[in-house]
Protein chains: 2
Amino acid sequence: MPPSLTAENTSGRPRRFVIAGMEGCTNCSVCEVRANGICSALRDDELELLARAAVRMAVPPGHIFIEEGSRATDFFNITGGTVKLFKSLPDGRRQITGFVSVGHFLGLAVSDRYAFGAEAIDQVRLCRFSRPKLESMIEEFPRMERRLLAEAANELVAAQDQMLLLGRKTARERVASFLYGQLEVHYGDAIPADARISFPMTRADIADFLGLTVETVSRTLSGLRRDGLVTLNAGHTIGVALPARLKAIAWGDAG
Amino acid sequence: MPPSLTAENTSGRPRRFVIAGMEGCTNCSVCEVRANGICSALRDDELELLARAAVRMAVPPGHIFIEEGSRATDFFNITGGTVKLFKSLPDGRRQITGFVSVGHFLGLAVSDRYAFGAEAIDQVRLCRFSRPKLESMIEEFPRMERRLLAEAANELVAAQDQMLLLGRKTARERVASFLYGQLEVHYGDAIPADARISFPMTRADIADFLGLTVETVSRTLSGLRRDGLVTLNAGHTIGVALPARLKAIAWGDAG
DNA sequence: GATAAGCAATGATTTAGGTCAACGCTGTTA
DNA sequence: TAACAGCGTTGACCTAAATCATTGCTTATC
């Protein structure tokens, strides 16, 4: 029971999010994230089958569409927006384990319960597959399994990096790591000098991701600005003059 | 180039670690971890093929057999002993990302470099496969891929738990979590009241796993003993009278 | 059996980051 | 146009855990 997902066209919201030709889309071959998602592992004719198993959905900002510990009935493939994944302690302490966006696959689990929660940060679009349906798809198209294994391996590497950050880095190193990570998300390997990033998450999200408090994130960003390493613009946009310096800080070259 | 692995029978060490019938073992169907490892996904006749690709090795305590950042030429399947996986910062700060033992598969990575290091804690035995060989095996036996995906998914769940621990738990909660985790390793789901665990890792290993210092681990264990929650015996053996209390502490029910 | 090296425990002191509190800005509701 | 809520920043103060230092084991080496 995915808690109250906002299915396309059934929400009371303005329709501007519904791109022409997407309502009740059954043709994955024209999907905007065809190149990114698990679907990239399939040929056009195979996508035909996938289409029948997929339900396209829109999730409004702040909406939790995977409840931690609930029955894992579905898999999701994100086709737009940014999602935060998290785990919580009974008393409310929260750790964000990752931010994921377009092309990301969600819900892989051996257990029958989700081990984490997922909340939309901005307006999110996704494809939903029922567990049995996806499993039969995998049965039929082993290339999809290959793709999932690759994605899981990548996530594992990211998780290990994050453990190093949470266990051993200082606040300054953590914030620098986060910013540099955002640079990589936006620019890939080719990060220009004098780069500019803009991200949807709040200071509280960043704090919960880095294992810090909002105050420390705020202070640390101010510190980086004072040192001429970043410029804090209005909203969630940050300029980075010397990405290499930021990277050095992120990896312990204090400065 | 796996740095100086100690191949069976080629080391100058006493032979007592070499169990009869294992030298140059080419028969995986009698393997002692048949039920645990990736090999469990295969039928007996398929194991015949696997045997030809595997090289059995012994790794002495303290020996690093995967060097962080080195070329990922091989995969490993642990058949005995305990291994610590870790990541380091240039200045030497170290985070242990996991302890793994019998049946665990190592080396899954999309990149051509290992993202982590691996060091034997006690006497370790393992099967080594070359990357291309394992890949062709997977090609041939999709069930193996299924098995790897399941293992990766489980590791991901463990990694998320560890992120919650490192980012949001207190020292006491971390140590309690570690001890309870060890109880689960030893007893599975059926943890008896008045349990007893014995583990091979040092206080320094535990500290690097929990993102603490040795002193804090030591003090925290002493604190738990003072509170009558554990008994610290000589060596690396710890008694736990009330596992349920420990679990409660691990999840934030302060006490 | 003296010396050294590795591991664990504990005490004294310091500090990085948390907590508590105030304030400013922007956008929304009444 | 006031009241309010959400978000971010900054200051004052506090504390959990780090750091530094000492001691007491074992086990290994000469």
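Numbers restart at 1 for each chain; the letters A, B, ... are given by sequence-line order, proteins then strands.
The residue B:Leu212 sits close only to the backbone: its heavy atoms come under 4.0 Å of sugar-phosphate atoms, none of a base. Residue contacts shown for A:Arg174 are absent, as no nucleic acid heavy atom lies under 4.0 Å away. As judged by a 4.0 angstrom heavy-atom cut-off over every strand, B:Ser222 is placed among residues touching the sugar-phosphate backbone only. Residue-level contact check: B:Thr202 touches the backbone only, with heavy atoms under 4.0 Å from sugar-phosphate atoms and none from bases. Across all strands shown, B:Gly211 has heavy atoms under 4.0 Å from sugar-phosphate atoms exclusively, and none from any base.
Residues B:Arg113 and B:Arg71 come closest through the heavy atom pair NH2-NH1, 2.9 Å. Closest approach of B:Ile238 to B:Leu221, counting heavy atoms only: CD1-CD2, 4.1 Å.
Rounded to whole Å, the distance from CE on B:Met201 to P on C:dC7 is 14 Å. Rounded to an integer number of Å, the gap from B:Leu221 CG to C:dC7 P is 16 Å. Look at CZ on B:Arg168: it is 13 Å from P on C:dG17, rounded to the nearest Å. Rounded to whole angstrom, the span from the CD1 atom of B:Ile206 across to the P atom of C:dC7 amounts to 13 Å. If you measure from atom CG of B:Leu224 to atom P of C:dA9, you get 12 Å, rounded to the nearest angstrom. In this structure, A:Arg93 places its CZ atom 15 Å from C1' of C:dT19, rounding to the nearest Å. Taking atom CZ of B:Arg226 as the reference point, atom C1' of C:dT10 lies 10 Å away to the nearest angstrom.
Residues that satisfy the side-chain contact (heavy atoms from CB on, under 4.5 Å) test with B:Arg94, not counting sequence neighbours, are B:Lys84, B:Phe86, B:Ser88, B:Glu119, B:Asp208. Residues passing the salt bridge (charged side-chain N to carboxylate O under 4.0 Å, His left out) test with A:Lys247: none are found, sequence neighbours excluded.
In this model, the phosphate group of C:dA8 is approached by a side-chain N or O of B:His236 to a distance below 4.0 Å at OP1 or OP2.
Counted by atom type alone, B:Ser177 and B:Lys169 present one or more donor-acceptor pairs between their side chains at under 3.5 Å.
Taking only side-chain atoms of A:Glu215, from C-beta outward, the nucleotide of C:dT10, C:dT19, C:dC7 with the closest atom is C:dT19.
Aromatic ring centres of B:Tyr114 and B:Phe65 lie farther apart than the 6.0 Å criterion allows.
A nucleotide of DNA chain D counts as in contact with chain B when one of its atoms lies under 4.0 Å from a heavy atom; the first and last such, 5' to 3', are D:dA17 to D:dC20.
Going from atom OG1 of A:Thr237 over to atom CZ of A:Arg196 covers 7.0 Å, rounded to the nearest 0.5 Å.
Annotation: the terminal axes of the helix from C:dG1-D:dC30 to C:dA30-D:dT1 meet at 30°, where each axis is the rotation carrying the C1' atoms of four end pairs onto the next four (5 pairs per end, rounded to 10°).
You'll find the side chain of B:His236 stays beyond 4.5 Å of the side chain of B:Met201, heavy atoms only.
Under the salt bridge (charged side-chain N to carboxylate O under 4.0 Å, His left out) criterion, no residue pair touches residues 177-195 of chain A, with sequence neighbours excluded.
A donor-acceptor contact shorter than 3.5 Å links the side chain of A:Arg174 to the backbone of A:Leu210. B:Thr216 places no side-chain N or O within donor-acceptor distance of the main-chain N or O of B:Leu212, the cut-off being under 3.5 Å.
B:Arg93 has a carboxylate O that lies under 4.0 Å from a charged side-chain N of A:Glu173, or vice versa, which qualifies the two as a salt bridge.
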I'd like a list of close polar pairs between nucleotides 12-14 of chain C and the protein, N/O only, cut-off under 3.5 Å.
unit_1: C:dA12; atom_1: N6; unit_2: B:Arg219; atom_2: NH2; d: 3.4

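For A:Arg203 and B:Val217, each mapped to the nucleotide of DNA chain D holding its nearest heavy atom, the one lying further toward the 5' end belongs to A:Arg203.
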